[in-house]
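Some notes on the structure that comes next.
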Amino acid sequence: MTTEMWNAVDDYFSRGLVKSDPALDAALDASSQAGLRAINVAPNQGKFLHLLARIHGARRILELGTLGGYSAIWLARALPEDGTLVTLEADPDNADIARKNIAVAGLTDKVSVITGLAAESLEQMIASKTPPFDFIFLDADKVSYPEYLRLTLQLSRPGTVIVADNVVRNGKVADMDNDEPDVIGVREFFDMLAANPATDTTAVQTVGAKGWDGFSITIVSAPPGGAGA
Ligand code: SAH
Ligand code: DHB
Ligand code: MG
C-alpha cells in the first residue's frame, strides 16, 4: 500500500460524497494564503465529524484547536438553528483567520472562537458553570490530551460524546519504546479512559490524506462527579 493510493481513495470519497462547499473551500484557501499549516481534518473526515454530531443531535459543541476554523465550520453546520459551538485556540492569528472564515460561512451567530490556552479557557468555563456540551472534539496539542480529558469531563453530562483526533500518529501510540511527549500524552489519555468506569471508548485507525492516524470516540455515562476529576 502506498500513500498515493490512500490519497487517491480519499480524493475519490471527497469528490463523490462530500459536496463542494464554497465556504469550506474558501476557509482552506484563506488558511493557506495566511500560511497556516494544512493540518486541518480532511474533507471526508470533516463530514464524518459533521455526521456524528447530527446523529447525536448535538446542540452544544466544544472544540479544542481551531486552526483556521475548517473543522469548526463542518461541526457548526450540524447544529440546529439555536445550537452553539465554542472553539478554543491559543494562537491569536489563527483565531482571527478562523473568525473570518466562520463569518464567510455565515456562522458567526452560532460560533465563538475563544483565544487563549485551551486549559485556561476550560478552567474558566468550569468556574463559571458553563452548561455541559453534547459533543466535544479534541484537536489541540496532543501532549495535553490527559489534561483536556480531565477538564472536558467536567463540562460533560451523561451522553456527552468526546472525539479525539490524531491518536495513532503513524502507529507510534502502540510503540512502547516511543517516548515522544505527544505519544506519551495520547497513551496516558487512553489509560485514563480505560480506568474510568464512567466512560466507554474505542478508537479506529485511518489512512488517507492525513497519513496513518486515527480517531477515538468516547461516550460519557455518568454525571461529572462520577465521570470527572
Ligand atoms: N481542528 C482544526 C485543526 C487544529 S490544529 C481543523 O481540523 O480544522 C491544532 C490547533 O491547536 C492549532 O491551531 C494550534 O495553534 C492549536 N493549539 C495548540 N496548542 C494549543 C493550546 N494549548 N490551547 C489551544 N490551542 C492550541
Ligand atoms: C498536527 C496536528 C493535528 O491536529 C493534525 O490533525 C495533524 C498534525 C501537528 O501538530 O503536526
Ligand atoms: Mg488533528
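When a ligand or atom number is given, it counts from 1 through the structure's own listing order. It should be emphasised that the depicted structure is a prediction, and the values quoted were computed from it without experimental measurement. Reckoned from all heavy atoms, side chains included, excluding hydrogens, waters and symmetry mates.
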Are E63 and ligand 1 in contact, using a heavy-atom cut-off of under 4.0 Å?
-> yes

Please state which protein non-hydrogen atom is closest to atom 2 (C) of ligand 2 and give its distance, to 0.1 Å?
-> I39 CD1, 3.7 Å

Considering heavy atoms of the protein only, find what lies nearest to atom 3 (C) of ligand 2 and give residue, atom and distance to 0.1 Å.
-> N166 OD1, 3.2 Å

A student comparing R37, K210, K142 should find that the heavy atom closest to atom 10 (O) of ligand 2 comes from R37

Is the shortest distance from a Lys or Arg side-chain nitrogen in R157 or D134 to a carboxylate oxygen in the other one below 4.0 Å?
-> yes

Could you say whether the N/O atoms of N40 and ligand 1 ever approach to under 3.5 Å?
-> no

Which option, G65, S121, P92, G116, owns the non-hydrogen atom nearest atom 11 (O) of ligand 1?
-> G65

Can we say D96 and R99 salt-bridge, meaning some charged N sits less than 4.0 Å from an Asp/Glu carboxylate O?
-> yes

So how far is it from Y70 OH to N40 CG, rounded to the nearest 0.5 Å?
-> 6.5 Å

Any chain of hydrophobic side-chain contacts (each under 4.5 Å) joining L107 to I97?
-> no

Nearest to the Mg ion (ligand 3) - the N/O/S atom of D165, by atom name = OD2

For L117, the ligand 1 atoms with a heavy-atom partner under 4.0 Å come out as 22 (N), 23 (N)

Result for side chain to side chain donor-acceptor pair (under 3.5 Å) between N166 and one of T206, D182, D213 points to D213

Do me a favour and list the nearest non-hydrogen protein atom to atom 5 (S) of ligand 1 with residue, atom name and distance?
-> I39 CD1, 3.6 Å

Atom indices of ligand 2 within 4.0 angstrom of D165 heavy atoms, with elements = 6 (O)

Taking all heavy atoms of S221 and all of P197, pick out the closest pair and write down the distance.
-> OG-O, 4.0 Å

N, O or S of D213 under 2.8 Å from the Mg ion (ligand 3) = no

So the atoms of ligand 1 within less than 4.0 Å of a heavy atom of N94 turn out to be 13 (O), 15 (O)

The reported gap from CG in L49 to CH2 in W74 (rounded to nearest 0.5 angstrom) is 10.0 Å

What residue and atom, counting heavy atoms only, is the protein's closest point to atom 9 (C) of ligand 1, and at what distance?
-> D139 O, 3.2 Å

Return the name of the atom in D139, of element N, O or S, nearest to the Mg ion (ligand 3).
-> OD1

Please say whether more than 12 non-hydrogen atoms of neighbouring residues, nucleotides or ligands are located less than 6.0 Å from CZ in F190.
-> yes

So how far is it from R60 CZ to L155 CG, rounded to the nearest 0.5 Å?
-> 9.0 Å

Y148, portion touching ligand 1 at heavy-atom distance under 4.0 Å | side chain

Any N or O on E89 sitting closer than 3.5 Å to an N or O of ligand 1?
-> yes

Mind checking whether V41 has an N or O less than 3.5 Å away from an N or O of ligand 1?
-> yes

Report yes if A118 has an N/O atom closer than 3.5 Å to an N/O atom of ligand 1; otherwise report no.
-> yes

Among protein heavy atoms, which sits nearest to atom 2 (C) of ligand 1, and what does the distance come to when rounded to 0.1 Å?
-> S71 OG, 3.3 Å

Identity and separation of the nearest protein heavy atom to atom 17 (N) of ligand 1 | A140 CB, 4.1 Å

Where is the nearest protein heavy atom to atom 25 (N) of ligand 1: which residue, which atom, and how far?
-> A90 N, 3.1 Å

In the protein, which heavy atom is nearest to atom 21 (C) of ligand 1, and how far is it?
-> D141 OD1, 3.4 Å

Are L122 and V163 connected in a single hydrophobic cluster, I mean Ile/Leu/Val/Met/Phe/Trp/Tyr linked by side-chain heavy atoms less than 4.5 Å apart?
-> no

Would V167 and F137 show up in the same hydrophobic cluster when neighbours are defined by side-chain heavy atoms closer than 4.5 Å?
-> no

Is the distance from the Mg ion (ligand 3) to some N, O or S atom of N166 under 2.8 Å?
-> yes

I would like to know whether Y148 and D141 meet side-chain hydrogen bond (donor to acceptor under 3.5 Å, both in side chains); could you show each step before the answer?
-> CA-CA 10 Å; Y148 296 152; D141 54 309; 2.5 Å; yes

Is there a path from L153 to M125 through hydrophobic residues (I, L, V, M, F, W, Y) whose side chains come within less than 4.5 Å of each other?
-> yes

If you measure from each heavy atom of R169 to ligand 2, is any distance below 4.0 Å?
-> yes

Relative to the heavy atoms of D139, which atoms of ligand 2 are at a distance of less than 4.0 Å?
-> 4 (O)

Ligand 1 atoms nearer than 4.0 angstrom to some heavy atom of T66 are 2 (C)

Do I219 and L138 share a hydrophobic cluster (ILVMFWY, side-chain heavy atoms under 4.5 Å, transitive)?
-> no

Counting only heavy atoms not in R169, do more than 12 fall under 6.0 Å of its CZ?
-> yes

